[in-house]
Amino acid sequence: MTFVADRERGRMVAAGVDGSPESVAAARYAVRAAGLRDLDLLLVHAYELPLVNVPIEQAILDACRDAAHRLVADMASQLTVPSTMRIESVLQPELPSVLLERISRTVPLLVVGQDHLTWGERMLFGQVASHAAHRAACPVVIVPGGWRARRTGEQHPVVVALDGNTKAQVALRTAFEEAQLLRTRVLALHASPYGSPASEIAAQTANLTELLAGWKQDFPDISVRSLVVSGDPDANLLRWSRSAALLVMERPHGRMWGSWERSVARAVLKQTHCPMIVVPRQPGRGRNG
């Protein structure tokens, strides 16, 4: 494993790479995110060793590590990186989900590709993007395969999902900061169940307006719009993901796998058409936190 001190990783955007189209897209997104933040890039790759009951010969260990080095070098060669950006790598023979969770404790942002595993691979390794979004200590961006940076504008907003039950302070701060970096607007989206009475829709709209008032003061240069729509939250977010620059969601409360399995965030990250950032809740962090 390349040694990169924790204090150095604090100045790096990490990207999990495995050679898939989704991880190539994730690495490209990580380059852009690092460039916008004046940070460096950390490529993270977990590789397999043969499953045997006897000690593995050194030649086999070396061959596995050499293959991992070639994969990461090939990934790096596909990236257009500013001359001022440093690229480091971490290669480790362990499960991707375990390595990425550990890396997330030392970096400000982790980027992974959308899950692309076959059924057999999913049974063996699990859904890496879903696990990272559920367990990582830092915000996690999930990037669909084929993503490429495009010029953003008013027609490509940062869409932040609000459930109406919380103030979603971390998600809102993230959305405004990302919109500032991308030079676009914020759309605060709340989905109300089908058949909700007009009075309830009006009350929800008023609540959103009140919730966003303080953020408008903190980010006066960012245009923001609130929108209450009818229907399932995941279906509405997926529709918006076709035109949005980024989706932003807070991770569901609690670390139990059952609550994550039933969450809107998990459903959306599996199908989103644009990058999606899942941010961990940080109790006590307000607009001035």
Side-chain angles (χ1 to χ4, degrees), residues 1-31 33-34 39-79 81 85-143 145 255 257 260 269 278:
M1 179 174 68
T2 301
F3 176 77
V4 183
D6 285 358
R7 64 179 180 276
E8 295 180 83
R9 290 182 187 172
R11 295 283 304 163
M12 292 181 168
V13 172
V17 297
D18 60 8
S20 67
E22 290 82 1
S23 75
V24 172
R28 288 183 176 132
Y29 185 97
V31 169
L39 300 178
D40 293 316
L41 178 67
L42 182 67
L43 298 179
V44 182
H45 176 59
Y47 61 96
E48 300 175 63
L49 293 178
L51 297 176
V52 294
N53 295 321
V54 296
I56 303 176
E57 296 180 6
Q58 187 59 48
I60 297 177
L61 294 175
D62 292 342
C64 291
R65 183 170 177 81
D66 290 345
H69 273 290
R70 288 193 298 272
L71 183 147
V72 173
D74 179 66
M75 291 288 297
S77 71
Q78 299 179 56
L79 305 176
V81 179
M85 185 180 295
R86 184 164 59 108
I87 302 181
E88 297 290 348
S89 61
V90 171
L91 296 86
Q92 190 73 6
E94 59 183 306
L95 289 175
S97 57
V98 174
L99 178 58
L100 290 172
E101 184 176 346
R102 188 167 68 250
I103 292 294
S104 77
R105 302 185 193 122
T106 61
V107 297
L109 186 67
L110 173 64
V111 186
V112 296
Q114 204 168 38
D115 286 322
H116 62 281
L117 303 177
T118 64
W119 183 85
E121 291 171 327
R122 189 175 294 116
M123 292 295 292
L124 181 61
F125 298 112
Q127 299 178 63
V128 175
S130 182
H131 182 98
H134 176 229
R135 300 288 298 184
C138 69
V140 177
V141 183
I142 298 92
V143 185
R255 293 173 66 83
W257 184 253
W260 172 252
L269 71 81
V278 178

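Small disclaimer: the values here were computed from a predicted structure and weren't measured.
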Are side-chain heavy atoms of [X] and [Y] found at a separation under 4.5 Å?
X      : Y      : answer
Val141 : Leu110 : no
Leu42  : Val90  : yes
Pro96  : Leu99  : no
Met75  : Val24  : yes
Val72  : Leu91  : yes
Leu100 : Val98  : no
Pro108 : Leu39  : yes

Has [X] got a side-chain atom pairing as donor or acceptor with [Y]'s backbone, closer than 3.5 angstrom?
X      : Y      : answer
Ser89  : Leu43  : no
Gln114 : Leu269 : yes
Ser97  : His131 : no
Ser20  : Ser23  : yes
Asp115 : Ser130 : yes

For His45 and Leu71: C-alpha separation, side-chain torsions, deciding distance, then whether side chain to side chain contact (heavy atoms under 4.5 Å, CB included) applies. CA-CA 9 Å; His45 176 59; Leu71 183 147; 4.0 Å; yes

If you measure from [atom1] on [X] to [atom2] on [Y], what distance do you get to the nearest 0.5 Å?
X      : Y      : atom1 : atom2 : result
Gln58  : Arg65  : CD    : CZ    : 10.5 Å
Arg11  : Thr106 : CZ    : OG1   : 14.0 Å
Cys138 : Arg9   : SG    : CZ    : 12.0 Å
His134 : Glu101 : NE2   : CD    : 9.5 Å

[X] versus [Y], closest heavy-atom pair with distance:
X      : Y      : answer
Ala33  : Leu109 : CB-CD2, 4.0 Å
Ala137 : Ser104 : N-OG, 2.9 Å
Ala26  : Ala15  : O-CB, 4.3 Å
Val17  : Ala27  : CG1-CB, 4.2 Å

With side chain to side chain contact (heavy atoms under 4.5 Å, CB included) as the criterion, how do Cys64 and Leu61 come out once you've worked through the C-alpha distance, each side chain's angles and the decisive distance to 0.1 Å? CA-CA 5 Å; Cys64 291; Leu61 294 175; 5.9 Å; no

For Val143 and Val112, what are the C-alpha separation, side-chain angles and deciding distance, and is it a side chain to side chain contact (heavy atoms under 4.5 Å, CB included)? CA-CA 6 Å; Val143 185; Val112 296; over 6 Å; no

Test of understanding: with side chain to side chain contact (heavy atoms under 4.5 Å, CB included), list the residues that count as partners of Arg86, not counting sequence neighbours.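 By the side chain to side chain contact (heavy atoms under 4.5 Å, CB included) rule, Arg86 matches Glu8, Met12, Asp40, Glu88.
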
What do you reckon, is CD of Glu94 surrounded by more than 12 foreign heavy atoms closer than 6.0 Å? yes

Derivation of the side chain to side chain contact (heavy atoms under 4.5 Å, CB included) call for Leu41 and Leu79: CA-CA 11 Å; Leu41 178 67; Leu79 305 176; 3.9 Å; yes

